[in-house]
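Here is how names work: the chains are called A, B, and so on, in the same order as the sequence lines, proteins then strands, and each is numbered from 1. Note that the structure is predicted; figures quoted are calculated from it, not measured.
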Protein chains: 2
Amino acid sequence: MAAREAVVDAGKLSVRERILEVAERLFAEHGRSGVGLRAISSEAKVNLASIAYHFGSKEGLLEELFSLRAAPIADARIRLLDDAEATYGGAAPLEVIIEAFIRPALIIGPQSPAGGEAFGRLRARLATEPEKFSRRILSKAFDKSSRRFIEALVKALPGLPRVQVEWRFHFMLGTMYYTMANSGRIQVLSDQRCDPGNVEFALKHMVPFLAAGFRSTPL
Amino acid sequence: MAAREAVVDAGKLSVRERILEVAERLFAEHGRSGVGLRAISSEAKVNLASIAYHFGSKEGLLEELFSLRAAPIADARIRLLDDAEATYGGAAPLEVIIEAFIRPALIIGPQSPAGGEAFGRLRARLATEPEKFSRRILSKAFDKSSRRFIEALVKALPGLPRVQVEWRFHFMLGTMYYTMANSGRIQVLSDQRCDPGNVEFALKHMVPFLAAGFRSTPL
DNA sequence: GTCTATAGCTGGATAGAC
DNA sequence: GTCTATCCAGCTATAGAC
């Protein structure tokens, strides 16, 4: 399968698509500044100059790559939350809200083979950076949907002050990002019993854990 | 105070110490590959060649820097856990275990002015990287203490299968790292009501949240 | 649109004087 | 131990032929 190809199949994808796919993987593995345009162009089997032609600059490439992936995630979140609120009459249960938030981030678009895990890693890296560039593209992609989810959580947890919902939302972000990063740490510590790369297992454990955290007694 | 100095006071610290202090901050801000030896040497007001002389290479510098900071954290964790087990007769309460694990990571050595937050950020960045170098230095610094804490958690949660303790430990790591990273995201989403940089506030909210997650019904 | 070629820097590392 | 000077591989970006 394409997911196992180290080098992109040059026959089926456009130059643009090949650049995006390789860049996503290399940025995820080595970080924004750990990979050069030469590595991207050679692995994608495109000319070095074509990256500048299609994306303007390295930052332009990363920014476009990020928003192409992030938009469907934010959309899926909102859609799942809308569906849940329609089903439950405006007050969705906590577990359903949490899963609506996390599931789209972990699965990503199935139309893009092999892109999923790489994008999760990339996103997790950017989310732990303090730099303006990362903060800006994350804000642009996710502010709207995240605020919407905070509202839903406030409604689902009537006894909990808003600021505590916000703290707990922050803890949820950390849990989600570290799972997406899949750094291999817990595999070592658990002697391979845990695999954060397995989306369904991860969700099965994460959602009840987070729900209990959100429901814990207000301070 | 030294914490507010952008440039290290060249009079009081040795060349080695100045390099370490500046490197810690720059690596934390811009990542391992986002900062060059030239930036470090000029900001630390040392000669470029002195970095190679004292640390061998850029990787050597980062590795030494990391283990110098990490060792006291791992030691403090073990000491706090030992104390708790002595106090409670071998079975420390869950909240005490969690705080013993997280507090040393968030406060770091007070002997190093300004280093604390920078090291937390650096550590969070390395922890979300899949690269071998990061995994190796994290393993070296924290495997022993982390395994010890997993044992303590298994003992504190008799009804919970070990693999679930491990999953929840992974979620705890994510929560802790994202708080240490202090990316500014929750400040935006909460209109500045939350500040993960405030250690006591962060702990006050985090410990009960995590404890509830650990105590949630086994699957 | 696609390519070659290259400008103009900056990267890490090191040789060798003192 | 500390410095200057330098190597050369890599970087992003672009000019200009086709």
| Under 30°, 30 to 60°, or over 60°: which ring-plane class applies to A:Tyr177 and B:Tyr178, parallel, tilted or perpendicular? | tilted

| Separation of B:Glu17 atom CD from D:dG1 atom P, in whole Å? | 14 Å

| said: In whole Å, I'd like the distance from the NZ atom of B:Lys58 to the P atom of C:dT10. | reply: 15 Å

| request: Nearest whole angstrom, please: distance from the P of C:dG11 to the CG of B:Leu61. | output: 15 Å

| query | Taking for each residue the nucleotide of DNA chain D bearing the nearest heavy atom, is the 5' side occupied by B:Val15 or by B:Arg38? | reply | B:Val15

| task | Remember a base hit wins even if backbone is also touched, and classify B:Ile51 as base, sugar-phosphate or nothing at under 4.0 Å, heavy atoms. | result | nothing

| task | State which of D:dA15, D:dA13, D:dT2 makes the closest approach to the side chain of A:Ala49. | result | D:dA15

| query | In whole Å, what is the span from the CG atom of B:Leu62 to the C1' atom of C:dG12? | reply | 15 Å

| How do A:Leu37 and B:Val46 order along DNA chain D: which one's closest nucleotide is nearer the 5' end? | B:Val46

| request: Using whole Å, report how far CG of A:Asn47 lies from C1' of D:dA13. | output: 13 Å

| task | Kindly assign one of parallel, tilted or perpendicular to the pair B:His170 and B:Trp167, based on the angle between their ring planes and the thresholds 30° and 60°. | result | perpendicular

| Between A:Phe55 (CZ) and D:dT12 (C1'), how many Å, whole number? | 16 Å

| message | Quick test of your reading of the model: are B:Arg162 and B:Glu166 salt-bridged, counting only N-O distances below 4.0 Å? | response | yes

| note | Between CZ of B:Phe27 and C1' of C:dG12 the distance, given in whole Å, is 12 Å

| said: Rounding to an integer number of Å, can you tell me how far A:Leu48 CG sits from D:dG10 C1'? | reply: 12 Å

| request: Identify the two heavy atoms, one from B:Ser183 and one from A:Glu129, that lie closest to each other, and give their separation to 0.1 Å. | output: CB-O, 3.8 Å

| request: State whether A:His54 places a side-chain N or O below 4.0 Å from either non-bridging phosphate oxygen (OP1 or OP2) of C:dT2. | output: yes

